[in-house]
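One structure is given here, and the rest of the page talks about it.
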Amino acid sequence: MKKRTGVVVPLAALYTKDSVSCGDFLSLKDFASFCEKAGFSIVQLLPVNDTGTQSSPYSGLSAFALHPIYIRISALPEFDEAIKNDKTFASAYKNFEKTFKYSKRFNYTQLNQEKTKLLHLLYSYIEKSGTPKSKTAASNSLSLYQKVAPLVAKFAKENKWVIPYAVFKNIKDENMQASWKQWDKSLQLPTNSQIMLKWQNKAKQENHNFYVWCQLRAAEQFKESSDFLRSKNIILKGDIPILMNEDSVDCWTFPEFFSQETRAGSPPDGENPTGQNWGFPTYNWDRLEADEFTWWKERVKLAANYYDAFRIDHILGFFRIWAVNESETTAYLGHTIPYASFTRKTLNELGFDDERLKWISQPHIPTGLIENITWNHDEATAVLEKICDRVKSEELWTFKKEITGDKEIYAMHFFDDEGKDNAVKNALAEKWKDRSLIEIVKNKFIKVYTYNRSTAWSTLNDEEKEKLTELFAETDEKENKLWKKQALTTLNAIVHATDMIPCAEDLGVNLECMSEVLKKLDILSLKVIRWTRLWAEEGQPYIPFEEYPELSVATTSVHDSSTLRQWWNQEKESVRAFIESIKNLSAEQKPDPDSAFIPEIAEFILKAAAKSKSAFLINPLQDYLFLEHRYYMDNEDEERINIPGTVTDFNWTYRLPAMIEDLCEDKSLLNKINAIVKLHDAE
């Protein structure tokens with residue numbers, strides 16, 4: 001594979017003289033000019049699908065629709081006539097330009113709302129131009145409406161996904177953007193014929209056509225830019241999120257492909273002791289396979305209109321997803337899908353009778369746990385009687401069968417005293433997690449990920465622990481085979497649906513079958529320099545760049561990590577280990593790991609990374625801009641894209657500190673980047 005060097009950037013971050021509020025599809029043409037001068041041959045974007053009210057590009061409202069926020073309104077074919085003849089639109093557009101001037105971060109919610117209003121005003125003018133009272137309609141030339149209407153109809157006919165999307169978006173508008181699960185029952189989980197009836201409603205035609213028109217124009221602008229990049233021999237690499245937001249048109253239209261009972265996340269780890277519950281529904285892979293993965297194939301085929309390579313987000317989820325019951329707030333009691341279980345009979349044969357099984361698979365709550373909060377035995381008993389069953393005549397309780405998750409615990413009301421009430425709920429919710437096994441279905445069990453932290457486990461004798469540990473090891477072996485089989489089935493269908501180059505996001509993965517599957521399917525793995533270490537070995541040494549696999553993408557940072565500058569200044573232990581790992585240079589040739597970050601350090605690290613064997617080297621644009629001090633923001637934390645585990649107005653709103661037109665003229669920056677590109681591509 002030809003070695004290539006490139007850059008990754010959120011589309012909204014691009015800043016040009018024509019895209020001041022946030023980057024848009026046509027900004028890519030200006031960015032392509034910069035990339036050509038810098039020597040880049042790959043541009044990687046974060047997802048650009050419509051996310052509705054959610055600023056995260058990984059919280060898709062649609063798997064197919066592009067985000068209207070990236071439309072350049074002034075470049076639309078209808079703009080000039082509307083700005084000239086429609087005072088309302090002209091005034092609104094002028095106010096928009098005044099309001100949304102460049103800032104280091106943009107206000108997603110406000111920008112999304114105001115840009116949508118502008119698009120509505122413009123389309124309203126198009127519709128009015130076709131009425132008998134319109135001067136344009138009365139003239140000999142075709143009105144805007146007469147020009148646009150056939151294009152909208154053609155786009156809807158050729159892109160079947162846009163019909164349910166338009167219907168869905170309009171119902172959301174009518175319901176103040178509420179989730180479809182909060183709509184009237186008659187609107188939930190519709191059939192295809194019901195959606196078509198909504199689509200054909202003449203009273204709603206303009207509203208539906210508005211969203212089709214938005215998608216038509218977004219697709220045109222994006223295609224124009226992607227074709228421009230291709231003309232420059234620059235690969236445009238997309239990003240396809242594995243999961244969909246529960247409140248998405250896809251979950252609404254294809255409920256059979258998504259689980260309504262489980263949510264995706266990740267298991268407990270050092271930074272996340274209760275795991276991560278992302279809130280996104282998991283897939284019903286069996287149903288997708290029965291449909292020959294058509295939904296997934298259509299996703300990647302549409303993406304191939306614009307991209308020549310694509311990033312497969314959270315590729316681990318194609319092997320096995322971490323799933324948690326919808327009634328849980330955390331992911332602590334989650335499990336993998338698929339999973340291997342063991343039966344009650346097997347456990348009985350190992351010496352665990354039904355009473356012993358109950359002890360290790362169900363939390364047991366001593367009355368004293370609640371009494372320590374209420375300081376009253378009768379009050380504690382009254383609390384427990386609401387939610388638990390007493391174990392015989394003991395001061396010990398188990399949760400009632402009706403309780404299926406800690407959401408139900410938090411929804412209960414025990415005391416008017418808010419402090420006491422919350423303390424009781426927290427204690428019970430914590431105890432809810434205290435078990436070693438989960439009865440996943442009747443008489444079938446799986447282990448809890450952190451089984452050895454439970455109260456029950458600490459009471460087992462050595463022989464019992466040994467028997468269960470051996471059983472768990474056998475189960476793990478079975479699961480690895482299940483995961484490999486699922487990955488080969490699902491990924492094979494997806495990566496071979498187009499000619500795009502598939503690249504995996506496989507961070508933090510230690511599945512023994514992962515590398516085998518990626519090699520078999522020619523999927524590039526991801527190597528983030530600071531995390532590419534032999535974690536199981538003493539000292540956790542860094543893997544030398546010359547030992548990176550050719551079938552990989554190397555990078556200095558990712559959108560969920562700190563930037564190169566933050567890493568150097570704030571994570572010194574990792575930095576010291578990295579500098580020490582570089583063996584082919586003397587101490588005098590290496591930067592001092594305890595020094596403050598400066599452009600020379602950025603250049604050192606980027607050039608070191610350029611020596612990797614990875615076919616692709618794709619670094620964030622911020623990390624390249626660190627080559628020149630004038631592009632440093634006063635607060636280095638402002639240069640970060642996202643902080644995982646947080647939902648704030650900060651995330652996903654980063655803007656470049658300079659216009660692309662100015663970057664194109666920065667010979668010092670361009671020369672430094674060119675040197676890095678030549679170093680990697682010639683290796």
Any donor-acceptor pair under 3.5 Å from Gln44 side chain to Leu236 backbone: no
Within 6.0 Å of CG in Asn201, more than 12 heavy atoms from elsewhere: yes
Residues Gln570 and Glu636: side-chain donor-acceptor under 3.5 angstrom: yes
Interatomic distance, Lys237 atom NZ to Ile501 atom CD1 [nearest 0.5 angstrom]: 9.5 Å
Pairing of Glu665 and Lys37 as salt bridge, 4.0 angstrom limit: yes
Whether over 12 other heavy atoms sit under 6.0 Å from Asp649 CG: no
Basic-acidic side-chain contact under 4.0 Å: Asp227, Arg230: yes
Residues Glu127 and Tyr123: side-chain donor-acceptor under 3.5 angstrom: yes
Flag for Asn170-Tyr211: side-chain donor and acceptor within less than 3.5 Å: no
Among Arg640, Glu638, Gln622, the one residue meeting side-chain contact (heavy atoms from CB on, under 4.5 Å) with Tyr654: Gln622
Lys/Arg N to Asp/Glu carboxylate O, Lys181 vs Asp247, below 4.0 Å: no
Electrostatic pair Arg630:Asp666 at N-O distance under 4.0 angstrom: yes
Check ion pair Arg217-Glu220 (N to O, under 4.0 angstrom): yes
Ion pair check, Lys204 and Glu174, cut-off under 4.0 Å: yes
Of Tyr70, Phe228, Tyr307, the residue whose pairing with Phe222 passes ring-ring contact (aromatic ring centres under 6.0 Å, His included): Tyr307
Spatial distance of atom CD1 (Ile494) from atom CD1 (Ile242) [nearest 0.5 Å]: 8.0 Å
Aromatic ring pairing His629/Tyr632, orientation class (parallel under 30°, perpendicular over 60°, tilted between): parallel
Whether over 12 other heavy atoms sit under 6.0 Å from Lys198 NZ: no
salt_bridge(Lys672, Glu628) N-O dist < 4.0 Å: yes
Sequence-distant partners of Glu36, side chain to side chain donor-acceptor pair (under 3.5 Å), two or more places apart: Lys232
Plane angle bin for Tyr15 and Tyr102 - parallel if under 30°, tilted between 30 and 60°, otherwise perpendicular: parallel
Asn49 versus Tyr58, side-chain donor and acceptor atoms under 3.5 Å: no
Salt bridge Lys94-Glu97, side-chain N to carboxylate O under 4.0 Å: no
Side-chain H-bond candidate by donor/acceptor type, Tyr108 with Thr51, under 3.5 Å: yes
Cation-aromatic face contact Arg105/Phe650, 6.0 Å, 45 degrees: yes
Carboxylate-amine/guanidinium contact Asp50 Lys169, below 4.0 Å: yes
Distance (rounded to the nearest 0.5 Å) between Leu118 CG and Ile71 CD1: 11.5 Å
Whether over 12 other heavy atoms sit under 6.0 Å from Asp499 CG: no
Electrostatic pair Lys407-Glu326, nearest N-O below 4.0 angstrom: yes
Side-chain donor-acceptor pair present, Asp637, Gln566, cut-off under 3.5 Å: yes
